Amino acid sequence: FLAALVETGLALGVDSMRASRFAVETARRLAALAGRDSVEEADARLAASLVFAHRATRLPQANEAEQDPPPPPPPDNEASSSEAETEQQQDGPLEERVLDAVKAAIPAGLLAQIAAGLPRRSSASVASRGGGMNKSKDRGRPAGVERGDPRTGARLSLIATLRTAAPWQRIRARADQPGRIEVRRDDLRTKRFEKAERTTTVFLVDASGSSALNRLGEAKGAVELLLAECYIRRDEVAMIAFGGRGVDLALAPTRSLARAKRQLAGLPGGGGTPLAGAIEAGLMLALSIRRKGMKPALVLLTDGAANIARDGTQGRAKAEADATQIAQSVRAANIPTVVIDTAPRPQERAARIASALGARYVPLPVADARAMSKAIKG
């Protein structure tokens with residue numbers, strides 16, 4: 001049974017000997033619970049299912065017996081054997097029976113995923129959707145201890161500090177102060193925490209021109225779709241609309257779907273395109289979000305036809321120059337940005353703005369809210 005368990009683990013891609021040791025110990029415990037002094041096949045199969053099923057990383061290769069055609073049946077005069085030997089030949093070797101038990105315990109979806117060679121879902125991938133994990137000095141999930149100074153704001157780990165200083169007490173002991181514990185700066189250990197980094201997606205929506213109502217409707221739908229997932233990841237969404245009336249914070253950072261619907265319902269549109277002022281407002285909001293410990297991301301929905309400069313004057317050349325200049329500031333701040341070109345045909349000016357922002361350029365001339373949300377999440 002020991003060899004069968006080890007070979008089963010190797011066949012499933014579990015290369016760690018610790019897992020094989022766990023399987024052997026589990027089989028022994030199962031036999032002891034059943035009142036037996038030795039491990040039986042049922043114990044080995046159950047132990048392998050419990051230990052190897054969730055650790056499997058690949059499917060076993062086909063055996064040579066399965067690849068080659070079966071041998072012809074023996075003559076009648078040579079077919080005499082005991083009933084136990086006949087059953088063992090029909091069921092196959094012990095390693096195959098234990099392996100079949102583990103394969104039966106693996107969920108069907110995971111089995112197909114392993115067969116297709118796709119990466120398995122891990123806690124790291126789930127966390128990355130919400131912005132990953134950040135180190136923290138005073139709050140979050142405990143993540144061990146490290147050498148540090150409590151005067152920097154970190155929380156002292158008294159037990160770890162004493163454990164580090166204990167081996168040196170014989171050397172540091174003083175005859176005039178028996179029983180005294182001496183703790184030095186190198187012995188100090190502070191607690192390390194990790195907390196999830198939340199993401200705030202800021203929409204910069206071009207509400208100018210005759211097609212403003214269509215763009216606003218698409219943006220409102222995309223905001224609502226993203227907000228539906230924010231309840232799980234504790235993310236937030238904000239929206240800045242810019243048009244002939246200037247640049248307005250239409251929706252402050254929020255996770256409330258009801259509040260978003262109320263404030264986005266009567267958002268007006270029309271007029272010129274103060275693109276530079278909108279990008280500057282988005283940059284200021286993103287920096288304030290970053291100072292709060294969250295991760296900002298900008299989504300710019302525009303056709304790139306800027307015609308109002310930062311000082312409010314009209315003129316396409318100056319407006320485009322101002323927009324390019326402030327876009328370079330966003331790129332220098334290393335803020336993830338997506339530019340969605342909402343023009344009927346992809347425009348070179350929108351692509352230039354995306355290049356200055358260091359952003360991903362997505363032309364979606366006939367985009368709906370679902371396609372827009374998919375592009376943003378991608």
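Values in this document were obtained by computation on a predicted structure and should not be read as measured data. By convention here, the first residue in the shown sequence is residue 1.
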**Study point:** CD/Q314: more than 12 non-hydrogen atoms of other groups inside 6.0 Å
**Key:** no
Review point. Which pair of heavy atoms, one from L5 and one from A27, lies closest together, and at what distance?
Key: CD1-CB, 4.4 Å
Check your understanding: Quick check: are there more than 12 heavy atoms from other residues, nucleotides or ligands sitting under 6.0 Å from CZ of R180?
Key -> yes
**Study point:** I181 reachable from L158 in the ILVMFWY side-chain graph, under 4.5 Å edges
**Key:** yes
Check your understanding: Rounded to the nearest 0.5 Å, what separation is found between the CD1 atom of I326 and the CD1 atom of I279?
Key -> 7.5 Å
Check your understanding: Taking 4.0 angstrom as the limit, do E348 and R352 come out as a salt bridge?
Key -> yes
Check your understanding: If you look at every heavy atom in R189 and T161, which pair is closest and at what distance?
Key -> N-OG1, 3.1 Å
Point to revise | Linked, directly or transitively: L287 and V202 (ILVMFWY side chains, under 4.5 Å) | key: yes
Exercise for review: Specify the closest pair of heavy atoms between R316 and A306, including all atoms of both residues, with the distance to one decimal.
Suggested key: CG-O, 3.4 Å
Point to revise | Audit row: L300, L357, side-chain contact (heavy atoms from CB on, under 4.5 Å) steps and yes/no | key: CA-CA 10 Å; L300 176 59; L357 288 166; 4.1 Å; yes
Exercise for review: Determine whether more than 12 heavy atoms belonging to other residues, nucleotides or ligands lie under 6.0 Å from atom CD of Q169.
Suggested key: yes
Practice item. Step by step, work out the salt bridge (charged side-chain N to carboxylate O under 4.0 Å, His left out) result for E25 and R29. Key: CA-CA 6 Å; E25 293 297 329; R29 299 296 190 273; 3.1 Å; yes
Practice item. Report the residue from L285, V205, L298, L251 that forms a side-chain contact (heavy atoms from CB on, under 4.5 Å) with I240. Key: L285
Check your understanding: Counting distance only, does the side-chain N/O of N307 pair as donor-acceptor with the main-chain N or O of T273 below 3.5 Å?
Key -> yes
Check your understanding: So, the side chain of R172 versus the backbone of V183: is there a donor-acceptor pair under 3.5 Å, distance only?
Key -> no
Point to revise | Least distance between heavy atoms, P253 atom then T200 atom | key: CB-CG2, 4.2 Å
Exercise for review: Using modelled atom types only, decide if a donor and an acceptor are shared between the side chain of D322 and the backbone of R310 within a distance under 3.5 Å.
Suggested key: yes
Review point. Which heavy atom in S355 sits nearest to a heavy atom in R331, and how many Å separate them?
Key: O-NH1, 2.9 Å
Exercise for review: Look at R151 together with D149 and state whether they make a salt bridge at an N to O cut-off of under 4.0 Å.
Suggested key: yes
